[in-house]
Protein chains: 2
Amino acid sequence: MDAFSSSEEKIFKAAIDLFCENGFDGTKMQAIADKAGISKASLHYYFRSKDRLFKKVVQNLLSMLITNVTGEIKEDTCIEELLQKLISGYFDMFRKFRKQTFFVFAELVKHQKLLADIIQGIDKIAVIQEILLRLQKEREKGTIIAIAPEDLIINIIAMCIYPLMAEPMIKLIMSMSDNEFEQLLNRRKQVVTDFTLRAILVRS
Amino acid sequence: MDAFSSSEEKIFKAAIDLFCENGFDGTKMQAIADKAGISKASLHYYFRSKDRLFKKVVQNLLSMLITNVTGEIKEDTCIEELLQKLISGYFDMFRKFRKQTFFVFAELVKHQKLLADIIQGIDKIAVIQEILLRLQKEREKGTIIAIAPEDLIINIIAMCIYPLMAEPMIKLIMSMSDNEFEQLLNRRKQVVTDFTLRAILVRS
DNA sequence: ATACAGTTTGACCAAACGGTCAGACCAATG
DNA sequence: CATTGGTCTGACCGTTTGGTCAAACTGTAT
């Protein structure tokens, strides 16, 4: 009677995969059961309804995405290194959990009512707050220009996340091949870091 | 026997609204019929199947979004004004057609197979090409730093579009109220313009 | 009036959907 | 061996889904 028996785990993993791939409405309970290798009735045995299963999946992914950005940002690292690590961390995570990220974004917009319920199950948003504070300090120190930390972080996340979410659009509009696009992604961390540092660093 | 009879138009508009709101799987034919004020059978009379109707909707929106960014970019405007107008244009459009943009992004990722069919029905992607060329020129002139025009445009679009698509996430992570977020959106054009110009302008 | 092509619909269909339930299965305990 | 409690399922249910079709309804030209 573990919190995660083998079957429950298999179901949950299958549900994550399929929900991320096809969204809430596009995912059928039978498909989850098939992928998990159990009967549809067992689904309802472990998770009472589709909505409950869905909510748990979203909660799990959101929590994972938020807490995953944490770590290794010490107080004594200079602003350049801080931003570089931040960008690198965000980009790698978004690239690794591409579909999951897009899924959470999309479904959170559609089912805004669920958000209130989901928030309570999530622990740490403190990491971001920490970074916001550090940026505020740097600004007072005069190493970076006057910019609201929120604006700066949004800019950074935007530049990291957008190419990953907009791949088909970018390829279409820019007439890019798969190869060219992959090159673009590979140089992306450097591009965003340079761009950001040039934008906010106060030069002597 | 117009290309758009009154009924056909009503159906198409209803379809756009509902598809944008609920996605492909979340939109039911009966709901479209109800919203258009006609019978479900009439839907199939004008558009043979749900897939065909869906494809036409995506095609129409994608074409609209792409061609809508055009206009008023003359050759003699300086780089600062060019970027400011570009950012302003993108941001206003994305803000105006927020749901449509998100919808096209999401469904284009899911149904990547349809993209090949859809591309053929779209005329002008030339506007972007024009801007890419102009940026290349400025770079050679030495007014802006060495950055691939594609990277620059992606950065700009990213910073414009991301806050609009990630509203719930941002509010959650940054602990923002509706009011604070609206303020953030209102200053966004200025923020992105300043940020971008500082990042790419060669200073004397 | 009649004929005709385009439009619109109620009634209908097979398939798929989320969900239920009685009962089979299976270890572990007495 | 018998009982018990958790696990698992085939069969089933009511509803909803995308799609069809013959028939009714328009207006217009003959």
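Protein chains get the first letters and strands the later ones, always in sequence-line order, with residue 1 at the start of each.
- The distance between atom CD1 of Ile38(A) and atom P of dG6(D), rounded to the nearest whole Å, is 19 Å.
- One side chain, Gln190(A) or Asp194(A), offers a donor N or O that lies under 3.5 Å from an acceptor on the other.
- Taking a cutoff of 4.0 Å between a charged side-chain nitrogen and a carboxylate oxygen, Asp151(B) and Arg187(A) qualify as a salt bridge.
- For Arg134(B) and Glu130(B), the salt-bridge test fails: no basic side-chain N is under 4.0 Å from an acidic carboxylate O.
- Following rounding to the nearest Å, Asp34(B) (CG) and dT9(C) (P) show an atom-to-atom distance of 11 Å.
- Residues His111(B) and Lys55(B) are not in side-chain contact: their nearest non-hydrogen atoms beyond the backbone lie 4.5 Å or more apart.
- For the pair Asn22(B) CG and dT17(D) P, the computed distance is 12 Å after rounding to whole Å.
- At least one cation-pi condition fails for Lys85(A) and Tyr90(A): the charged atom is not both under 6.0 angstrom from the six-membered ring centre and inside a 45 degree cone around its axis.
- Here Tyr45(B) does not reach the OP1 or OP2 of dT8(C): none of its side-chain N or O atoms lies under 4.0 Å away.
- When heavy atoms are screened at a 4.0 angstrom cut-off, Leu43(A) is found touching no nucleic acid atom at all.
- The CD-C1' distance, from Glu8(B) to dG6(C), rounds to 13 Å in whole Å.
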Report, one line per pair, each donor and acceptor closer than 3.5 Å where one atom sits in a side chain of residues 167-174 of chain A; sequence neighbours left out.
unit_1    : atom_1 : unit_2    : atom_2 : d
Glu167(A) : OE1    : Arg98(A)  : NH2    : 2.1
Glu167(A) : OE2    : Lys171(A) : NZ     : 2.6
Lys171(A) : NZ     : Asp178(A) : OD1    : 3.0

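- At dT8(C), none of the side-chain N or O atoms of Ser42(B) fall inside 4.0 Å of OP1 or OP2 (strictly under the cut-off).
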*asked:* Strictly under 4.0 angstrom, non-hydrogen atoms only: write out the protein contact profile of nucleotides 11-26 of chain C, one letter per nucleotide from the 5' end, B, S or -.
replied: ------SBBBB-----
*Structure string for DNA chain D in dot-bracket form, Watson-Crick and G-U at under 3.5 Å, | interchain*: ||||||||||||||||||||||||||||||
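- The cationic group of Lys50(B) lies under 6.0 Å from the six-membered ring centre of Phe24(B) and within 45° of the ring axis, placing it in a cation-pi geometry.
- Regarding Arg52(B), its CZ atom lies at a distance of 17 Å from the P atom of dG18(D), rounded to whole Å.
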